[in-house]
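Computed over heavy atoms, backbone and side chain alike; hydrogens, waters and symmetry mates excluded. We name chains A, B, ... by the order of the sequence lines, and we start the count at 1 in each one.
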Amino acid sequence: MDRNTPDLAPDYAYDFRIAEPRWQAAWEAAGCFRAADKPEGTKPKCYVLEMFPYPSGKIHIGHVRNYAIGDVIARTRRAQGYDVLHPMGWDAFGLPAENAARERGVDPAQWTRNNITAMRADLKLVGLSIDWSREFATCDPEYYGQEQKLFLDFWRAGLADRRESAVNWDPVDMTVLANEQVIDGRGWKSGALVEKRKLRQWFLKITDFAEDLLAGLDTLERWPERVRTMQRNWIGRSEGANLEFSLTAPFGGLDTVKVYTTRPDTLFGMSFLALAPDHPLAAAVAATNPEATAFIADCQSTGTSEAAIESAEKRGFDTGLRVRHPFADADYPVWIANFVLMDYGTGAIFGCPAHDQRDLDFARKYHLDVTVVVAPADDPDLAVADVAYTGDGVIVHSGFLDGLDVKTAKSRAIAELTSRGIGTGVVNWRLRDWGISRQRSWGCPIPVIHCEVCGAVPVPEKDLPVRLPADLSFEKPGNALDQHPTWKHVNCPQCGAAALRETDTFDTFVDSSWYFARFCAPHTTTPTDVAATKHWMPVDQYIGGIEHAILHLLYARFFTRAMHRLGHVGVDEPFAGLFTQGMVTHESYKTEDGSWLYPDEVIKHPDGTATSNGRHVIIGPNEKMSKSKRNTVDPSVVIERFGADAARWFTLSDNPPERDVEWTEAGAQGAFRFVQRVYRLAWSVAGDIADATPLDQATGDARKLRQATHRAIAGVSEAIDGFAFNVAIARLYELSNAINDSEGKTAAGLTAARCEAVDALIRLAAPIIPHVAEEAYALLNPGTELVANLPWLTAEPDLLRRDSVTMAVQIMGKLRGTIELAVGADAETAIAAAMAEPKIAQALAGATIVKRIHVPDRILNFVVRP
RNA sequence: GCGAGAGUGGCGGAAUGGUAGACGCACGCGACUCAAAAUCGCGCGUCGCAAGACAUGGGGGUUCGAGUCCCCCCUCUCGCACCA
């Protein structure tokens with residue numbers, strides 16, 4: 001043992017360094033966790049999947065937590081008699097590899113492969129029940145080639161097309177930037193002002209499935225409600241109207257502006273019309289007006305993210321154009337406004353400041369009219385100052401809509417627009433089609449060839465996969481794939497003329513939108529083996545971070561529907577059950593000159609201060625672990641010091657898994673002690689021969705221990721089912737305390753009861769701490785079965801029944817005493833017992849009892865009048 | 001800005017509307033030990049000698065009874081479409 005591992009009493013010490021590799025090898029040799037692509041037999045199936053990791057280089061303690069959660073489920077389900085599929089792979093394409101290539105001159109493929117090798121080795125130390133024969137990485141041509149086939153299928157089926165869309169362009173680095181790489185309107189590396197630039201890009205038509213993706217949420221009963229709510233809001237179905245406003249004079253060849261609104265009832269409250277900066281009419285104005293051009297250019301420096309656009313100060317430019325009101329004899333100014341999104345609705349809105357907060361902020365800034373047209377019932381003379389009124393009420397100042405409620409007025413307004421031929425009721429979606437083109441070289445190449453004669457031509461299936469070249473150069477700025485001297489130059493598959501490959505790659509979300517289907521039969525030469533997916537899909541339990549609540553999960557749901565339509569899978573919903581776990585956090589440490597320190601560089605003192613090499617250290621808040629703040633804990637170091645079981649136990653013990661957990665040294669040591677304790681308890685019964693009294697005749701303390709054992713069986717099973725691993729662990733502590741307490745006592749059947757209790761402890765703890773469970777079980781049952789192959793325990797109902805209950809007695813809802821009663825005692829018995837209690841009798845003296853509330857076995861409450 | 005969550009002792013947390021603080025960590029006292037570690041026992045929300053009172057971010061409400069349900073507010077976290 002090295003100096004960092006706590007000392008152990010030598011005689012019955014458990015040495016994880018020897019035991020953990022031994023049992024990992026034993027599981028491997030027995031093929032415990034292998035699954036068949038198409039299993040025979042009648043066992044129910046259970047597909048357990050954790051979101052696959054990005055191979056950043058090292059496993060993170062958050063990974064340990066994520067995979068430990070999945071492993072507990074997988075091992076428990078196996079014990080409960082399921083065929084379990086529990087695979088692992090790598091989400092291996094993405095920006096970090098390209099950044100490493102640019103910064104350090106390494107080959108992204110080699111960098112990624114090295115990271116995978118290192119992370120696989122670390123993950124294997126954790127002792128997960130994974131079928132490693134199914135492992136793949138999304139950067140394997142065998143994988144991304146199948147992805148290219150899927151894309152061509154989607155394209156043929158009309159689910160993909162090309163159109164223009166805006167990107168963040170860094171003019172210095174000559175590259176497209178992700179939103180997170182745009183900081184205050186500038187490129188994160190170059191510092192150059194970012195421009196919006198339009199590119200022709202591929203889109204997948206996720207909006208074709210909007211209605212279905214929304215409806216499908218109602219079937220996902222084993223998803224967290226909040227994730228379903230977030231997806232519902234993201235899809236954002238709204239009912240409203242499209243209507244055309246006529247310009248008072250045609251301009252730039254346009255004489256109308258189409259507007260989408262969810263509030264046609266407030267049309268009479270209009271005070272302006274606003275265009276998105278990239279609206280065609282705005283462009284027409286800019287063509288003749290340099291100020292408008294400057295304003296639009298300014299808006300485009302905001303970046304493309306919704307957060308940036310919506311939190312920017314509201315600004316506008318008055319075009320001088322005017323539109324006629326559809327119903328009233330009035331006209332209104334047309335503005336260009338930075339908060340109107342071209343991607344939503346029609347890219348133009350009518351502004352009704354009294355009843356929309358953004359419109360109100362805008363109107364106040366530019367001194368536009370604010371006309372109230374909805375009067376709330378409790379404030380008929382409402383005056384709007386800085387807060388728009390968005391509630392229900394009666395329509396006023398609105399001609400033919402006067403007197404109606406909001407809902408009726410909406411349909412009445414739509415009917416009127418329709419009859420005049422200037423508008424219709426429409427259903428609109430917030431959800432936009434999914435732009436999948438990325439100007440990156442470390443991704444799946446889009447299998448398309450551009451020919452001047454034939455246009456965009458699919459790469460013939462015989463030429464798939466379109467492989468990435470092995471010799472990319474990152475010396476120049478820009479897309480390395482585009483700059484490769486030969487790769488993009490090919491002949492058109494249709495006409496044979498010289499043509500160019502598409503040099504964009506797929507969004508990495510495409511890679512993660514179908515890997516779960518591939519895992520069902522990862523070596524097949526079609527994208528999926530349909531029979532295998534029909535057996536294993538959907539994933540019964542999917543586990544990952546809440547940060548994926550919307551995008552990844554929505555894209556995967558869409559992809560699965562598209563694959564179903566085209567016959568690649570047999571289901572619409574990929575994930576029947578979803579669990580979202582919290583992050584692992586740690587304090588951060590900084591020196592006074594502002595540089596970050598790793599936890600092991602810091603010495604903490606009992607008075608709460610900390611130093612490093614004698615210098616004062618500032619202890620920061622608990623934060624998500626990140627490399628930049630150096631507040632990371634390396635799981636391989638933890639495992640080396642305390643063992644995989646202790647690491648697994650700790651990441652599950654301290655905290656409900658959906659919440660963030662703080663990594664603490666003391667917690668890890670506590671976990672280590674419990675692992676030792678399990679082995680020590682096994683040791684304490686190892687020499688005992690089961691005594692003569694059969695278990696079912698156990699009395700006194702032996703029966704009490706048996707009750708504790710069976711309560712633990714029921715409690716742990718229930719807690720694991722409900723993902724309350726911290727509660728399962730509390731139940732296991734209770735059982736181990738009960739075993740401890742039974743030591744040295746005498747009762748009929750106690751020895752047998754202790755053996756039963758230890759056996760239960762081992763087997764109930766095994767999904768969480770599988771190595772010591774095997775070691776302890778082997779100590780008690782040498783040469784028999786692996787715990788990994790044993791069935792789950794079930795509690796005996798007779799031992800779960802309590803003999804009596806302690807019932808609380810309240811007076812006016814305040815606890816005044818407790819009484820001991822037989823289970824199921826009736827109200828009269830309970831009241832009599834309560835009255836016999838001196839404290840209660842005293843408290844009730846001189847008061848009139850108005851009401852007695854008796855909930856059997858729960859509570860007795862007296863309502864009194866003085 | 002918009003959307004979604006969370007908030008309980010020194011700390012992590014437990015609690016089908018029914019005895020708030022299970023279980024663990026830390027801490028204190030004691031046993032064992034030459035000593036330390038490990039282990040075992042006892043204690044541990046606040047105030048109070050006690051009886052008791054007060055306590056689940058703050059304020060209101062529903063209820064015989066609220067950590068739990070409803071309304072308002074505060075703080076923190078996550079997502080916002082090219083990070084994964």
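- Comparing the P positions of B:rG57 and B:rG79 gives a spacing of 25 Å, expressed to the nearest Å.
- A:H548 comes within 4.0 angstrom of a nucleotide base, judged by non-hydrogen atoms across all strands.
- Base pairing of B:rG65: no nucleotide in any strand meets the Watson-Crick or G-U wobble criterion (both distances under 3.5 Å).
- Here A:N179 reaches the OP1 or OP2 of B:rA81: one of its side-chain N or O atoms lies under 4.0 Å away.
- The partner of B:rG17 cannot be assigned: no Watson-Crick or G-U wobble pair with both contacts below 3.5 Å exists in any strand.
- No option in A:D504, A:T505, A:N479 other than A:D504 meets the side-chain hydrogen bond (donor to acceptor under 3.5 Å, both in side chains) test with A:Q439.
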Annotated protein contacts, base or backbone, on nucleotides 20-26 of chain B with a non-hydrogen cut-off under 4.0 Å, one of B, S, - each: --BSSSS
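- Within 3.5 Å, a donor on the side chain of A:R440 pairs with an acceptor on the base of B:rC82, or the reverse.
- With B:rG52, B:rG13, B:rC82 as the choices, the nucleotide that has an atom nearest any side-chain atom of A:K839 turns out to be B:rG52.
- For A:E306, taking side-chain heavy atoms from C-beta onward, the closest of the listed nucleotides B:rG1, B:rC78, B:rC82 is B:rG1.
- Comparing atom distances between the A:P656 side chain and each of B:rU19, B:rC82, B:rA14 picks out B:rA14 as nearest.
- As judged by a 4.0 angstrom heavy-atom cut-off over every strand, A:R438 is placed among the base-contacting residues.
- Residue order along RNA chain B, read from the 5' end via each residue's closest nucleotide, puts A:S305 first among A:H552 and A:S305.
- Neither OP1 nor OP2 of B:rG65 sits under 4.0 Å from any side-chain N or O of A:N861.
- Within 4.0 Å of A:G545, counting heavy atoms only, lies no atom of the nucleic acid at all.
- Nearest nucleotide to the A:R680 side chain, out of B:rU39, B:rG79, B:rG18: B:rU39.
- By the 30° and 60° cut-offs, the orientation of the rings of A:Y515 relative to A:H552 is tilted.
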Full working for salt bridge (Lys or Arg N to Asp or Glu O under 4.0 Å) between A:R358 and A:E310: CA-CA 9 Å; A:R358 291 183 302 181; A:E310 301 231 338; 3.1 Å; yes
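- Within 4.0 Å (heavy atoms only), A:V863 reaches sugar-phosphate atoms of the nucleic acid but no base atom.
- For the C1' atoms, the distance from B:rC69 to B:rU16 is 14 Å, rounded to whole Å.
- With P as the reference atom, B:rC80 and B:rA26 are 39 Å apart, rounded to whole Å.
- When heavy atoms are screened at a 4.0 angstrom cut-off, A:L95 is found touching the sugar-phosphate backbone but no base atom.
- Comparing B:rA6 with B:rA15, their P atoms sit 14 Å apart, to the nearest whole Å.
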Nucleotide-resolved protein contact map, nucleotides 27-32 of chain B, B/S/- at heavy-atom distance under 4.0 Å: ------
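- If you check every strand for non-hydrogen atoms under 4.0 Å, A:Q439 touches a base.
- Among the protein residues, A:R816 comes within range of the sugar-phosphate backbone only, with heavy atoms under 4.0 Å from sugar or phosphate atoms but none that close to a base.
- Within 4.0 Å of A:P53, counting heavy atoms only, lies no atom of the nucleic acid at all.
- Rounded to a whole angstrom, the distance from the P atom of B:rC70 to that of B:rU62 is 15 Å.
- A donor and an acceptor atom never sit less than 3.5 Å apart when one is taken from the side chain of A:E743 and the other from the base of B:rC40.
- Among the atoms of the strands shown, base atoms are found under 4.0 Å from some heavy atom of A:A307.
- Across the strands present, B:rG3 finds its partner in B:rC78; the criterion is a Watson-Crick or G-U wobble pair with both atom distances under 3.5 angstrom.
- Candidate nucleotides B:rA81, B:rC40, B:rC82 were compared by shortest atom distance to the side chain of A:N740, and B:rC40 ranks first.
- In this structure B:rA53 sits in a base pair with B:rU46, meeting the Watson-Crick or G-U test at under 3.5 Å.
- One donor-acceptor pair, N or O on each side, does fall under 3.5 Å between the base of B:rU16 and the side chain of A:R858.
- Contact annotation: A:K851 side-chain N/O to B:rU63 OP1/OP2 distance is not under 4.0 Å.
- Heavy atoms of A:I309 sit nowhere under 4.0 angstrom from any nucleic acid atom.
- Of the candidates B:rA53, B:rA84, B:rA4, B:rA4 carries the atom nearest the A:N233 side chain, counting heavy atoms from C-beta on.
- For B:rC40, the paired nucleotide is B:rG30, the pair qualifying as Watson-Crick or G-U wobble because both relevant distances are below 3.5 Å.
- With a 3.5 Å ceiling on both atom-pair distances, the Watson-Crick or G-U wobble partner of B:rC23 is B:rG12.
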